[in-house]
Every structure is written in structure tokens, then in C-alpha cells.
Amino acid sequence: QVQLVESGGGLVQAGGSLKLSCAASVRTLSRYVMGWFRQTPGKEREIVAAISRTEDRTYYADSVKGRFAISRDNAKNTVYLQMNFLKPEDTAVFYCAADLYGTIPTIGPPSKLNFESWGQGTQVTVSS
């Protein structure tokens, strides 16, 4: 399994921006599809964005399209989530995850069940 450490969370006002980082302790990050998920109390963890191994394909949840951008730097073993125009409903714990075997489908999100490794999460709080 891959060890993943998220950072960059915090408190921000509505309309503001945050950039999350996910550092992976792995020799070759390019072997993994990477994803960002989020979870609020009492709700299931949901996918926010995912990126293919070579960045040729991305997926975004409808709720964040046009506001969030996922990227990766395989040389630095790091994945990023740039979050702009944040809304109070974006408040959640954000998790980074790695998928060694899966792909990003042409239609629809990659399955959460495909992601074998998870970080501890970073809290994002958006005030109104």
C-alpha cells in the first residue's frame, strides 16, 4: 500500500480558494490513478475528482466542475487539488486515495472501491 499524507486544508471564507496537496510515499506514483474524496458527518465518502496516471483523463463531480482542478507531479510524488470559489457546502474532510489497478471510465466516476490506499484526511471549512 501507498502512504498518503494530505495537507493544505483550513478555514476559508466563501468565494475563497485553497490548494490541497497529497504526498505519496511510493517509488513510482505514475503507476496509480489518484483521486480526491470528501466526507461530512453522517454521509458517505464521495468522490470529488480523479486523475489518470499520465494526466490524459480527469473526472470531476458535478458539484465541483469549473471550480476545482486536480493535477499531479509524478516526479514529486504529489497530487494537488486546487479549489476555487469555495462554498459552505464544500465543508468536509478531504481524502487523497490511490488506485493501482483501475482506470477512469469514459462515462461516470471511478469506483471508490478500486482505491486501495487512503490518507488520513484534511479538514476544509468554508464559512459563509
Side-chain angles (χ1 to χ4, degrees):
Q1 281 199 342
V2 180
Q3 286 192 325
L4 303 169
V5 179
E6 303 95 338
S7 62
L11 174 65
V12 63
Q13 287 190 331
S17 298
L18 282 174
K19 186 173 184 177
L20 304 183
S21 298
C22 171
S25 62
V26 64
R27 179 171 292 183
T28 312
L29 186 64
S30 60
R31 296 177 63 193
Y32 298 83
V33 169
M34 299 298 295
W36 284 97
F37 294 74
R38 65 186 179 187
Q39 188 170 22
T40 55
K43 293 190 176 181
E44 285 195 13
R45 194 171 296 187
E46 63 176 6
I47 189 166
V48 174
I51 188 166
S52 64
R53 294 170 179 82
T54 57
E55 298 187 82
D56 61 324
R57 182 172 288 178
T58 56
Y59 167 84
Y60 293 96
D62 288 342
S63 58
V64 306
K65 279 181 183 176
R67 300 188 298 122
F68 290 12
I70 188 171
S71 61
R72 64 192 297 162
D73 186 335
N74 288 334
K76 294 183 177 179
N77 283 351
T78 304
V79 180
Y80 306 97
L81 185 68
Q82 177 67 48
M83 305 186 295
N84 300 322
F85 305 109
L86 283 160
K87 304 175 181 180
E89 50 263 44
D90 293 318
T91 296
V93 177
F94 282 71
Y95 297 89
C96 176
D99 174 7
L100 179 60
Y101 300 107
T103 61
I104 296 180
T106 304
I107 299 175
S111 172
K112 180 173 58 178
L113 299 177
N114 290 345
F115 289 82
E116 308 95 0
S117 302
W118 295 83
Q120 294 297 310
T122 185
Q123 176 70 46
V124 171
T125 302
V126 184
S127 63
S128 56

Linked, directly or transitively: V26 and Y95 (ILVMFWY side chains, under 4.5 Å): no
Contact check, side chains of I70 and V79, non-hydrogen atoms, under 4.5 Å: yes
Nearest-0.5 Å distance that lies between atom CZ in R72 and atom SG in C22: 10.0 Å
Y101 reachable from L29 in the ILVMFWY side-chain graph, under 4.5 Å edges: yes
Side-chain donor/acceptor of Q39 to backbone N/O of A92, under 3.5 Å: no
Pairwise distance CZ(R38) to CG(D90) - rounded to 0.5 angstrom: 5.0 Å
Gap separating the CD atom of E6 from the CD atom of Q123, nearest 0.5 angstrom: 12.0 Å
Nearest atoms (heavy-atom pairs only) where W36 meets S21: CH2-O, 3.6 Å
K19 backbone acceptor or donor facing Q82 side chain under 3.5 Å: no
Within 6.0 angstrom of Q120 CD, more than 12 heavy atoms from elsewhere: no
Hydrophobic cluster membership, F68 vs Y80, 4.5 Å side-chain cutoff: no
Under 3.5 Å donor-acceptor, N114 side chain and I104 backbone: no
Heavy-atom pair with the smallest gap, counting every atom of P105 and T103: CD-O, 3.5 Å
Path from F94 to V12 over hydrophobic side-chain contacts below 4.5 Å: yes
Cluster link V48 to F115, ILVMFWY, side chain under 4.5 Å: no
side-chain contact (heavy atoms from CB on, under 4.5 Å), paired with C96, selected from T78, V2, L4: L4
Nearest heavy atoms of S17 and N84, plus distance in Å: OG-OD1, 3.0 Å
Aromatic contact, F37 with W118 (centres under 6.0 Å): yes
E116 side-chain N/O to Q1 backbone N/O, donor-acceptor pair under 3.5 Å: no
Y59 OH to I107 CD1 distance, which is reported to the nearest 0.5 Å: 12.0 Å
S128 side chain to P88 backbone, donor-acceptor under 3.5 Å: no
Spacing of I51 atom CD1 and R57 atom CZ [to the nearest 0.5 Å]: 12.5 Å
Shortest non-hydrogen contact between A49 and L81, atoms and distance: CB-CD1, 4.2 Å
R31 CZ to N74 CG distance, which is reported to the nearest 0.5 Å: 12.5 Å
